[in-house]
Amino acid sequence: DEEPIQILLSYNLESEGYRVRHTAEGEDVIPLVAGERPDLILLDWMLPGISGIEVCRLLRAKPETRDIPIIMLTARGHRAPLAELAETNVRTLLAKPFSPRELLALIRNTVPEG
């Protein structure tokens, strides 16, 4: 949700060989995902416009996007409602602040090789 974090994450992921697409607006995620069909989605919980949780619900409602792994980033930490995460089949909740190394390890464990 914050441009400096997007830039930092993009730099770190691209330096590891990942192709990155990003947007700051929740409503822009759905068309971006539909056009790209990513291997993984990193999604902030508190996006402007449509929240990250609502984006998850919309993605899970569509057969073509329901199985894409999602790692949710949040400043809410342990206060995040676990019931909402369970409803949206979010793979992992990563609390801010986090290290790029920690995120890369999660991605490697989530995205299949190849």
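For the numbers below, each heavy atom of this structure counts, side chains included, while hydrogens, waters and symmetry mates do not.
Once rounded to the nearest 0.5 Å, the distance linking CG of L73 with CG of L47 reads 9.5 Å. Here the NZ atom belonging to K62 is positioned 11.0 Å from the CD1 atom belonging to I68, to the nearest 0.5 angstrom. Rounding to the nearest 0.5 Å gives a distance of 9.0 Å between CD of E54 and CD1 of I30. A distance of 7.5 Å separates SG of C56 from CD1 of I41, quoted to the nearest 0.5 Å. Note: L9 CG to F98 CZ = 5.0 Å, rounded to the nearest 0.5 Å. Residue S10 holds its OG atom at 9.5 Å from CZ of R21, rounded to the nearest 0.5 Å.
The number of heavy atoms from other shown groups lying within 6.0 Å of CZ (R66) is above 12.
L8 and L104 fall into different hydrophobic clusters, where Ile, Leu, Val, Met, Phe, Trp and Tyr side chains are chained together by heavy-atom contacts under 4.5 Å. Connection of L59 to L32 is not established within any shared hydrophobic cluster, with ILVMFWY side chains joined at heavy-atom distances below 4.5 Å, either directly or through further cluster members. Cluster membership check: M46 shares its hydrophobic cluster with V55, using side-chain heavy-atom separations under 4.5 Å among Ile, Leu, Val, Met, Phe, Trp and Tyr.
Considering only residues two or more places apart in sequence or on other chains, E27 meets the salt bridge (charged side-chain N to carboxylate O under 4.0 Å, His left out) condition with none of them. Taking the salt bridge (charged side-chain N to carboxylate O under 4.0 Å, His left out) definition, one finds that R37 meets it with nothing, sequence neighbours left out.
Residues V111 and P69 are not in side-chain contact: their nearest non-hydrogen atoms beyond the backbone lie 4.5 Å or more apart. Side-chain atoms of I5 and K96, non-hydrogen and from C-beta on, do get closer than 4.5 Å to each other. Between L43 and V29 the shortest side-chain heavy-atom distance falls below 4.5 Å. Counting only heavy atoms from C-beta outward, the side chains of L103 and L94 approach each other to under 4.5 Å. Using a 4.5 Å heavy-atom threshold, the side chains of M72 and I53 count as touching.
Under the 3.5 Å distance criterion, the side-chain polar atoms of S15 are matched with a main-chain donor or acceptor of Y11.
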Step by step, would you call I107 with L42 a side chain to side chain contact (heavy atoms under 4.5 Å, CB included)? CA-CA 9 Å; I107 291 170; L42 296 178; 4.3 Å; yes
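Checked for salt-bridge contact, D67 and R60 miss the test: no charged N lies under 4.0 Å from a carboxylate O.
Shown here for Y18 and R108, the closest heavy-atom pair between the two residues is OH-CG, 3.7 Å.
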